[in-house]
Engineer: 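Submitted below is the structure of interest, expressed as structure tokens.
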Number of protein chains: 2
Amino acid sequence: MANVSYRDQVLRLREDAIVSAVNRLLATKGYDLMTVDEVAAEAGLAKASLYKHFTSKEELAAAAMVRVLERATEQVDALDAQPQRPVIERLEAIVRWTLEVQLAGEMPSLPSQNSRLTDALRGHAAYMERLVVLSDKLGDWISRAQSESTLNPALPPEMVLFTLFARACDPVLGLLKAGGQHADQQIIDWLVATTFDGLGTGARRAVAAPKPAARSVKAVRAR
Amino acid sequence: MANVSYRDQVLRLREDAIVSAVNRLLATKGYDLMTVDEVAAEAGLAKASLYKHFTSKEELAAAAMVRVLERATEQVDALDAQPQRPVIERLEAIVRWTLEVQLAGEMPSLPSQNSRLTDALRGHAAYMERLVVLSDKLGDWISRAQSESTLNPALPPEMVLFTLFARACDPVLGLLKAGGQHADQQIIDWLVATTFDGLGTGARRAVAAPKPAARSVKAVRAR
DNA sequence: GTCTATAAGAGGATAGAC
DNA sequence: GTCTATCCTCTTATAGAC
């Protein structure tokens with residue numbers, strides 16, 4: 001039995017190295033420019049061996065996304081262990097975490113346009129399950145923040161959710177970092193601030209404010 | 001002479017059809033998934049003929065970006081013809097315009113990751129010139145809005161500029177539209193509102209507010 | 001300048017030995 | 001499960017006739 005466990009452990013390590021390589025390549029080059037040859041080279045094994053672990057390039061991408069979704073969920077759970085902390089601060093902390101991951105070059109981002117990949121992911125059970133779990137947890141925070149009006153209650157909750165996901169790969173961070181004029185932490189502070197407060201100063205407030213949008217964020221499943 | 005002018009006109013029409021095809025394909029599939037074969041098919045000419053007009057796939061992308069930059073600049077100039085209108089409203093109107101273009105499936109977006117393409121564009125004189133012209137005009141609005149505090153003066157102006165560019169291809173619009181739950185105009189209103197006012201309600205205000213950042217937006221040239 | 005045909009090469013995936 | 005070698009399709013770009 002110890003033998004089996006050992007083999008399993010080696011297997012885990014191998015696959016973890018592969019997923020790490022995919023993660024880094026997705027973060028830097030993106031899905032379309034990432035080649036399976038590169039993944040194999042970086043993970044230190046032959047391409048044919050890699051295909052014994054993951055049956056396609058899409059599977060590789062899905063594995064990397066599953067891992068980052070799990071890590072995000074861990075972060076959410078850790079923040080939920082501090083129930084005295086205001087919900088809006090937890091949302092802020094999650095955005096901050098995603099930006100730090102992105103700044104470290106470890107946020108895998110998928111092209112929202114590649115329909116082949118999108119379809120594959122929609123049919124990927126493990127990926128979809130993690131996505132729903134995380135979305136539900138964040139959706140809970142969002143509706144609580146909206147009911148106490150620390151988040152704008154006029155926005156549909158799924159829009160807030162989409163925006164949080166989108167900011168995790170916002171190109172603004174990369175552009176500011178490439179400018180080389182500002183400290184990393186300063187950049188993150190600004191991005192968090194604009195996510196929740198916008199570019200303006202509040203002088204504009206009282207724009208369109210339609211019905212309170214009571215629907216749950218679980219509508220994501222329908223997509 | 002009339003003959004030459006006619007030939008020129010035919011040429012212009014041909015190339016305009018090509019650029020329109022590129023524009024639409026960049027908006028839907030993105031650069032990496034767009035193939036030159038598709039462009040040729042959609043524009044209604046043979047691929048080899050297309051290469052007589054544009055010498056590479058990168059040139060095609062640059063041409064589409066040049067056109068959208070010129071159109072954006074036209075919008076800015078049109079808004080500048082109404083000097084009584086507050087600067088912040090003009091910025092809002094430009095964001096609204098970019099979202100409408102995106103909603104119509106006509107906003108060409110380039111992957112911010114493809115370094116080959118990025119390098120080609122940086123070395124593309126016509127593209128860079130248009131980018132600088134538009135950036136300067138927007139930069140003017142931005143600093144004016146900041147000095148009258150309708151835009152947050154604590155943000156570096158180039159961050160505001162980057163954010164405007166980024167929102168023009170924000171995936172949130174596509175996600176909301178795919179949901180099918182909201183009217184197009186409603187979606188745009190929400191996106192404009194969150195761009196300038198954020199997701200929050202202002203209860204968070206008074207975050208980090210460092211030095212006023214007096215540098216001009218012209219620093220973009222340095223990239 | 002337009003076409004058909006093709007070169008040249010990248011990249012996803014597999015065969016088959018060990 | 002790991003490797004080397006190979007298949008095969010797709011894609012950018014060009015040759016060369018008209």
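Throughout, protein chains are lettered first and strands after them, A, B, ... in sequence-line order, and every chain is numbered starting at 1. Please read all numbers here as calculations on a predicted model, not as lab measurements.
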Engineer: What are the residues of residues 15-22 of chain B, sorted by number, that bring a heavy atom to within less than 4.0 Å of DNA chain D?
Structural biologist: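 Output list: empty, so none.
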Engineer: When the distance from CG of B:Leu13 to P of C:dG1 is rounded to whole Å, what number comes out?
Structural biologist: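 From B:Leu13 CG to C:dG1 P: 13 Å.
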Engineer: Using the test side-chain hydrogen bond (donor to acceptor under 3.5 Å, both in side chains), find all partners of A:Arg116 that sit at least two apart in sequence or belong to another chain.
Structural biologist: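 If we apply the side-chain hydrogen bond (donor to acceptor under 3.5 Å, both in side chains) test to A:Arg116, skipping adjacent residues, the hits are A:Glu58.
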Engineer: Between A:Gln75 (side chain) and A:Ala93 (backbone), is there a donor-acceptor pair under 3.5 Å?
Structural biologist: no
Engineer: I'd like to know if A:Arg12 and A:Asp8 make a salt bridge, using a cut-off of under 4.0 Å between side-chain N and carboxylate O.
Structural biologist: no
Engineer: What side-chain donor-acceptor pairs closer than 3.5 Å can you find for residues 38-45 of chain B, not counting sequence neighbours?
Structural biologist:
| from | atom 1 | to | atom 2 | distance (Å) |
| --- | --- | --- | --- | --- |
| B:Glu38 | OE1 | B:Thr35 | N | 3.0 |
| B:Glu38 | OE1 | B:Thr35 | OG1 | 3.4 |
| B:Glu38 | OE2 | B:Lys29 | NZ | 2.6 |
| B:Glu42 | OE1 | B:Arg24 | NH2 | 3.0 |
| B:Glu42 | OE2 | B:Arg24 | NE | 2.6 |
| B:Glu42 | OE2 | B:Arg24 | NH2 | 2.8 |

Engineer: List every contact pair, protein side and nucleotides 8-12 of chain C side both N or O, where the distance is under 3.5 Å.
Structural biologist:
| from | atom 1 | to | atom 2 | distance (Å) |
| --- | --- | --- | --- | --- |
| C:dG12 | OP1 | A:Met34 | O | 3.4 |
| C:dG12 | OP1 | A:Lys57 | NZ | 3.1 |
| C:dG12 | OP2 | A:Val36 | N | 2.9 |
| C:dG12 | N7 | A:Lys47 | NZ | 3.2 |

Engineer: Are any non-hydrogen side-chain atoms of B:Glu92 and B:Val95 less than 4.5 angstrom apart?
Structural biologist: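 A side-chain contact under 4.5 Å is absent here.
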Engineer: side-chain hydrogen bond (donor to acceptor under 3.5 Å, both in side chains) with A:Glu89: which residues, sequence neighbours excluded?
Structural biologist: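 Counting only residues at least two positions away or on another chain, A:Glu89 forms a side-chain hydrogen bond (donor to acceptor under 3.5 Å, both in side chains) with A:Arg85.
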Engineer: Scan for salt bridge (charged side-chain N to carboxylate O under 4.0 Å, His left out) pairs involving residues 47-57 of chain B, sequence neighbours excluded, and state none if there are none.
Structural biologist: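 Listed by first then second residue: B:Asp37-B:Lys47.
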Engineer: State which residues pass side-chain hydrogen bond (donor to acceptor under 3.5 Å, both in side chains) with B:Arg130; sequence neighbours excluded, sorted by chain then number.
Structural biologist: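 side-chain hydrogen bond (donor to acceptor under 3.5 Å, both in side chains) list for B:Arg130, sorted by chain: B:Glu70.
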Engineer: Mind checking side-chain contact (heavy atoms from CB on, under 4.5 Å) for B:Asp16 and listing every partner two or more places apart, or none if nothing turns up?
Structural biologist: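 Counting only residues at least two positions away or on another chain, B:Asp16 forms a side-chain contact (heavy atoms from CB on, under 4.5 Å) with B:Ser20, B:Arg67.
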Engineer: Once you round it to whole Å, what is the distance between C1' of D:dT12 and CG of B:Leu60?
Structural biologist: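 For the pair B:Leu60 CG and D:dT12 C1', the rounded distance is 11 Å.
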Engineer: What parts of residues 61-68 of chain B reach DNA chain C, counting only heavy atoms under 4.0 Å away?
Structural biologist: none
Engineer: Would you say that A:Thr163 contacts B:Leu199 through its side chain, given a criterion of any heavy-atom pair below 4.5 Å between the two side chains?
Structural biologist: yes
Engineer: Who pairs with B:Val76 by side-chain contact (heavy atoms from CB on, under 4.5 Å), at least two apart in sequence or on another chain?
Structural biologist: B:Asp80, B:Ile94, B:Leu134, B:Lys137, B:Leu138, B:Trp141
Engineer: Phosphate oxygens OP1/OP2 of C:dC3: is one of them under 4.0 Å from a side-chain N or O of B:Ser49?
Structural biologist: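 Yes, such a contact exists.
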Engineer: Between the protein and nucleotides 15-18 of chain D, are there any N/O to N/O pairs under 3.5 Å, and if so, what are the atom names and distances?
Structural biologist:
none

Engineer: Is B:Arg14 close enough to C:dT2 that one of its side-chain N or O atoms is under 4.0 Å from OP1 or OP2 there?
Structural biologist: yes
Engineer: How many angstroms lie between CE in B:Met159 and CD in A:Gln186, if you round to the nearest 0.5 Å?
Structural biologist: 9.5 Å
Engineer: Just grab all the side chain to side chain donor-acceptor pair (under 3.5 Å) pairs involving residues 101-111 of chain A, residues at least two apart or on different chains.
Structural biologist: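 Sorted result for residues 101-111 of chain A: A:Ser109-B:Gln113.
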Engineer: May I have the distance from A:Leu50 (atom CG) to C:dA15 (atom C1'), rounded to whole angstrom?
Structural biologist: 17 Å
